[in-house]
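One structure is given below, encoded as structure tokens.
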Amino acid sequence: MSASIEVQDHIAIIYLNNPPVNGLGHATRSEISSHLRTVEFDSNIHAVILTGVGKAFSGGADIKEFGTDKTFAEPSLPNLLEQLDTYKKPIIAAINGVCMGGGLELALACHYRVATQGALIALPEVKLGILPGAGGTQRLPRLLNMDTCVDMIVNGHPLPSSELAQTGLFDLYIEHPDQLLREAINFAIVASTTRPVPRVRDRSVIGLTNPLLFSEYRTKLQKSSRFFPAPFTCLDVLEAALKQTFEEGLKTERAAFQTLLSSPESKALRHIFMAERAASKIAGVDSTETVRAIAAVAVVGAGTMGTGIAMCFANANIPVQVLDSKISSLENGLNRIRETYLASFKKGKLSQLECEHRIGLIQGVQDYTAISEADLVIEAVFEEMPIKREVFEHLDRYVKSGAILASNTSTLDLNQIASFTKRPHDVVGLHFFSPANRMELLEVVRGQQTSTEVLASCAAIAKRIRKIAIIAGVCDGFIGNRMLEQYTKQAAFLLEEGCTPQQVDQAMEAFGFAMGPFRMNDLAGNDISWAIRKRRLAANPQLIYSKLGDILCEQGRFGQKSRAGWYDYHEGDRTAYPSIIVEEIIRQHANALGIPQRQIGAEEIVQRLVLALANEGRKILLDKIAARSSDIDLVYLKGYGFPAYRGGPMFYAEQMTWDQVDRLIRQFQTGHRGNTWTI
Ligand code: T1G
């Protein structure tokens with residue numbers, strides 16, 4: 001039973017009850033439709049209320065049914081809404097919680113809407129690469145101004161019901177959720193005497209306040225989403241609402257919805273939606289696992305990473321101490337935090353109160369005894385094992401029993417770090433990505449002895465600080481950096497075969513990366529990757545990689561910081577200018593190696609680099625460093641800027657099939673240094 005019915009005061013109340021979010025799957029749609037038919041001509045019933053059981057009114061169409069015949073099985077959502085539209089008695093939506101996508105479209109097709117404080121209102125379909133496909137683009141502009149409609153539909157931004165309380169979306173707004181049903185029944189009793197029942201479709205679209213709204217938005221989208229069709233289509237269909245009748249607008253919407261639903265971008269985004277939810281399922285850790293309370297956090301190391309990590313917790317209203325033995329480092333770190341929050345305040349992203357509150361949550365300390373009561377301690381000091389050892393020996397000695405001891409290491413052996421303590425079961429890796437206070441990704445590194453309780457606690461705290469936690473096993477580079485090494489290796493090989501840095505970057509940026517590999521390296525600092533290569537070469541003298549990066553670094557070309565890297569830079573200007581010096585270095589190097597030069601097109605560049613990621617991801621799965629391929633996709637999406645509407649490197653490969661991938665890799669091998677691609 002995913003929709004039940006009861007009667008109170010001659011009002012039929014239909015409860016959507018399809019946990020976890022009352023998704024409008026086929027069964028739910030069928031039962032709602034059946035209940036409506038049962039009472040439509042019953043003279044004892046004067047009106048109908050639709051409401052949700054639990055935290056949601058409805059989270060929309062059932063995404064899990066997409067791609068199956070259930071999505072359009074009758075009653076399809078549009079046809080169910082048509083039944084509401086032609087219903088003889090008033091139907092009131094009592095919006096009790098999350099009201100999203102098809103769920104909001106269901107409410108819009110009702111004759112009245114009564115909402116409670118605390119509900120979340122959204123048409124987020126664009127985030128799935130589609131658009132509201134059940135009348136949302138045609139009904140919402142008949143209740144809300146087009147600026148709000150564009151923001152809600154083109155950006156998919158959710159709005160709290162309180163922000164819409166004074167708009168035409170709701171006929172009644174209730175401050176106290178526990179009074180919603182009673183108030184809705186009272187409203188229905190009054191509405192039941194009103195004829196004809198008011199239909200949103202009979203209203204006129206609210207006129208534009210800014211006649212240039214659509215053209216201005218299209219210009220904005222050209223910059224932010226030029227390769228992603230859904231936002232543009234959302235704009236087109238919204239604009240159609242202004243020019244067409246409701247019926248014509250529905251047809252336009254429906255056609256556009258079908259086109260987008262079958263698009264590769266939508267398939268990719270639906271893959272990510274499910275991947276994000278799958279990632280929270282940790283092997284060997286079930287939902288009954290104890291989760292340790294984390295009320296106080298300490299960070300060791302007041303450098304860029306340490307202070308960024310501290311801000312993650314302050315942003316979640318968790319008090320955090322920052323420990324650094326050097327007073328100058330500590331002061332610099334705390335100043336950096338203050339400046340960051342003040343900058344957000346000046347940009348209007350934070351109120352003065354929020355800014356001061358968050359700064360007040362962060363305390364600088366210099367002594368390990370000061371952090372003894374922390375529930376979670378995160379070490380973020382230099383990537384050198386002797387320093388890690390000193391820190392963890394101190395943590396083991398001074399921090400209370402039961403605290404979680406985490407290392408932010410990005411390349412060192414967590415098992416060895418755990419061995420510096422008497423409590424390896426409490427030691428875990430929490431690998432944040434810079435800037436830590438902004439990047440969503442958090443690699444939770446599971447040591448050999450890390451307890452399931454610690455893993456469950458880290459997953460819970462990650463959600464609190466709004467991070468996507470991905471469990472990784474212990475290896476050099478865990479998941480993301482291990483894949484990045486292969487990506488940058490192939491990028492440099494392409495230069496030796498005839499490409500320029502700008503050709504490679506332009507191909508990857510046209511694919512959807514915000515920044516190609518060489519611009520990214522110049523931003524991050526070529527000397528950082530140079531140090532990692534030297535460490536890896538010392539550990540494995542057989543390591544094969546292009547020496548071009550080393551040559552640049554030996555000439556002091558570290559990137560933006562030295563105003564010369566893979567590109568040239570001018571004082572105070574971050575624009576990357578193609579460098580004839582670098583092109584000459586590449587030519588001389590390739591010539592010395594006797595590598596034949598050739599024209600390499602954008603398609604091969606993209607395949608070489610993305611399949612380098614996927615091929616390493618496949619090995620990461622085989623090594624059991626990652627639990628599932630969709631986790632690997634999330635790592636590269638959330639930590640390395642892989643374009644979301646491409647689904648991720650593993651998704652990209654899986655669309656080809658792995659046999660085709662292997663055929664391509666064999667082709668690439670003949671091009672250059674065959675043994676760099678180990679399948
Ligand atoms: N369909 C199926 N399952 C859903 C779902 C949905 N729409 N939304 C959530 N779930 C599952 C999710 O997979 C997870 O399951 C559980 O609910 C908890 O999710 C015609 C076609 C509603 C704000 O895009 O934004 O309507 O992993 O961890 O943090 O125009 O889920 O536990 O098995 O996210 O409390 C439009 C998507 C669909 C809303 C709740 N609707 N969902 O957040 O829980 S397209 C959306 C969300 C559409 C029409 C079109 C969030 C949430 P499991 P959760 P949460």
Side-chain angles (χ1 to χ4, degrees), residues 2 16 18-29 52-68 70-73 75-82 95-109 118-140 152-153 155-161 230 233-234 237-238 250 253-263 266-267 269-282 286-287 440 459-460 462-464 466-469 628 630-631 634 644:
S2 58
L16 278 63
N18 179 22
V21 297
N22 298 330
L24 294 169
H26 178 245
T28 308
R29 300 195 304 268
V53 171
K55 68 178 181 181
F57 172 78
S58 170
D62 190 327
I63 299 170
K64 292 178 178 126
E65 287 188 356
F66 281 2
T68 72
K70 289 186 175 178
T71 304
F72 300 110
S76 68
L77 189 54
N79 287 345
L80 174 63
L81 304 194
E82 191 61 28
I95 302 172
N96 58 296
V98 167
C99 181
M100 287 188 165
L104 179 54
E105 292 174 299
L106 178 66
L108 290 169
L120 196 62
I121 311 297
L123 286 174
E125 287 87 340
V126 69
K127 293 180 180 175
L128 297 171
I130 49 180
L131 54 71
T137 64
Q138 305 303 306
R139 286 191 174 90
L140 197 67
M152 287 181 72
I153 292 174
N155 295 328
H157 283 167
L159 289 174
S161 52
T233 310
C234 286
V237 177
L238 271 173
L250 270 191
E253 175 193 89
R254 201 80 204 134
F257 175 78
Q258 296 287 0
T259 303
L260 289 176
L261 188 65
S262 57
S263 69
S266 179
K267 197 176 168 193
L269 289 166
R270 297 191 318 256
H271 159 72
I272 292 164
F273 176 86
M274 300 317 279
E276 285 177 344
R277 278 121 193 114
S280 59
K281 277 95 180 157
I282 305 171
D286 63 35
S287 54
E440 270 189 284
K463 196 156 187 174
R464 273 178 71 189
R466 304 173 73 80
K467 297 291 182 188
I468 300 269
R628 53 183 78 84
S630 59
D631 281 4
L634 285 179

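Order of appearance sets the numbers: ligands from 1, and atoms from 1 within every ligand. What you see below is based on every heavy atom in this structure, not just the backbone, and it leaves out hydrogens, waters and symmetry mates.
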Distance-minimising heavy-atom pair for Ile282 and Ala459: CD1-CB, 3.8 Å
Taking every non-hydrogen atom, the tightest pair across Ile95 and Ala119: CG2-CB, 4.1 Å
Atoms of ligand 1, numbered as shown, that sit under 4.0 Å from any heavy atom of Glu125: 26 (O), 30 (O), 45 (S), 48 (C), 49 (C), 50 (C)
Val21 contact mode with ligand 1 (heavy-atom cut-off under 4.0 Å): side chain
Under 4.0 Å to a heavy atom of Pro132 - the qualifying atoms of ligand 1, by number: 30 (O)
Heavy-atom pair of closest approach, residues Ser58 and Leu24: OG-CG, 3.5 Å
Atoms in ligand 1 flagged as close to Phe66, the criterion being non-hydrogen separation under 4.0 Å: 21 (C), 45 (S)
Ligand 1 contact on Ala61 by region, counting heavy-atom pairs under 4.0 Å: both
Top protein contact for atom 1 (N) of ligand 1, by heavy-atom distance: Ile63 N, 2.9 Å
For atom 37 (C) of ligand 1, closest protein heavy-atom neighbour: Phe273 CE1, 3.4 Å
Side chain Ser266, main chain Ser263, donor-acceptor under 3.5 Å: no
Non-hydrogen atom of Pro124 closer than 4.0 Å to ligand 1: yes
Numbered atoms and elements of ligand 1 in range of Gly101, under 4.0 angstrom, heavy atoms: 26 (O), 36 (C)
Atom of Ala73, atom of Arg29 and distance for their closest heavy-atom approach: O-NH2, 3.0 Å
Ligand 1 atoms in contact with Lys55 (distance to a heavy atom under 4.0 Å): 35 (O), 44 (O), 55 (P)
Numbered atoms of ligand 1 (with element) below 4.0 Å of Glu105, judged on heavy atoms: 20 (C), 30 (O), 49 (C)
Protein contact for atom 43 (O) of ligand 1 (heavy atom, distance under 4.0 Å): no
Heavy-atom proximity to atom 33 (O) of ligand 1, best of Arg270, Lys64, Arg277: Lys64
Heavy atom of protein closer than 4.0 angstrom to atom 52 (C) of ligand 1: no
Atoms in ligand 1 with a heavy atom of Gly60 nearer than 4.0 Å: 26 (O)
Main-chain N/O of Gly129 paired with Arg270 side-chain donor or acceptor, under 3.5 Å: no
Nitrogen or oxygen atoms of Ile130 and ligand 1 under 3.5 Å apart: no
Donor-acceptor pair, side chain of Ser262 and main chain of Thr259, under 3.5 angstrom: yes
Ligand 1 contact on Leu128 by region, counting heavy-atom pairs under 4.0 Å: side chain
Donor-acceptor contact below 3.5 Å, side chain Asn22 vs main chain Val53: yes
Under 3.5 Å donor-acceptor, Asn96 side chain and Lys55 backbone: no
Arg277, CZ: over 12 other non-hydrogen atoms inside 6.0 angstrom: yes
Minimum-distance pair of heavy atoms, taken over all atoms of Ala27 and Ser2: C-OG, 3.7 Å
Leu250 versus Gln138, closest heavy-atom pair with distance: N-CG, 3.9 Å
Any Glu65 heavy atom less than 4.0 Å to ligand 1: no
Protein contact of atom 29 (O) of ligand 1 - nearest heavy atom, named by residue and atom, plus distance: Lys463 NZ, 4.2 Å
Nearest-contact summary for atom 41 (N) of ligand 1 - protein heavy atom, Å: Gly59 O, 2.9 Å
Contacting atoms of ligand 1, where contact means under 4.0 angstrom from a heavy atom of Met100: 23 (C), 25 (O), 39 (C)
Sequence neighbours excluded, every pair satisfying side chain to side chain donor-acceptor pair (under 3.5 Å) that has a member inside residues 118-137: Thr137-Glu253
Nearest-contact summary for atom 17 (O) of ligand 1 - protein heavy atom, Å: Pro20 CG, 3.0 Å
